[in-house]
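Here's the structure we're looking at; comments come further down.
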Amino acid sequence: MNVLHICDFAPPFRGNFMEEMDSIDNALKKEFGGKNVYAFTHRNVERKNQWVQDLKKDFPVYIYEN
């Protein structure tokens with residue numbers, strides 16, 4: 001089971017929100033063999049947030065406009 005998180009979240013740093021997403025991902029792996037999938041607002045691209053680029057190495061990450 002994979003879980004899609006549609007997030008309007010675009011700070012310059014990961015913050016506690018993404019730390020909690022890591023906890024959810026660990027539980028998904030352990031219980032269901034799944035993982036998190038993310039859809040972030042286009043503001044992350046505009047702001048060139050490095051943490052989003054790093055996240056793409058381990059998870060499917062999509063960017064949406066509206």
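Please read these numbers as outputs of a predicted model, since none were measured by experiment.
In terms of hydrophobic clustering, with Ile, Leu, Val, Met, Phe, Trp and Tyr side chains grouped at heavy-atom distances under 4.5 Å, L28 and Y38 are assigned to a common cluster. Under the 4.5 Å side-chain heavy-atom criterion for grouping Ile, Leu, Val, Met, Phe, Trp and Tyr, V3 is connected to V61 within one hydrophobic cluster. Cluster annotation: I24 and M1 are assigned to the same hydrophobic cluster (Ile/Leu/Val/Met/Phe/Trp/Tyr, side-chain heavy-atom contacts under 4.5 Å, transitive).
To the nearest 0.5 Å, atoms CG (L4) and CD1 (I6) are separated by 4.5 Å. If you take CG on N49 and CZ on F40, they are separated by 9.5 Å, rounding to the nearest 0.5 Å. To the nearest 0.5 Å, atoms CD (E46) and CD1 (I63) are separated by 10.5 Å.
Under a 3.5 Å cut-off, the side chain of W51 and the backbone N or O of P11 do form a donor-acceptor pair. A donor-acceptor contact shorter than 3.5 Å is absent between the side chain of D25 and the backbone of K35. Listed for the N36 side chain is a donor-acceptor partner under 3.5 Å among the backbone atoms of M21.
Not counting sequence neighbours, the partners of D8 by the side chain to side chain donor-acceptor pair (under 3.5 Å) test are R43. H42 meets the ring pair (Phe, Tyr, Trp, His ring centres under 6.0 Å) test with no other residue; sequence neighbours excluded. Looking at residues two or more places apart in sequence or on another chain, you find a ring pair (Phe, Tyr, Trp, His ring centres under 6.0 Å) between F17 and F9.
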Is there a side-chain contact (heavy atoms from CB on, under 4.5 Å) between T41 and Y64? Walk through the geometry before answering. CA-CA 5 Å; T41 180; Y64 65 93; 4.2 Å; yes
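Salt-bridge check for R14 with D22: passed, with a basic side-chain N closer than 4.0 Å to an acidic carboxylate O.
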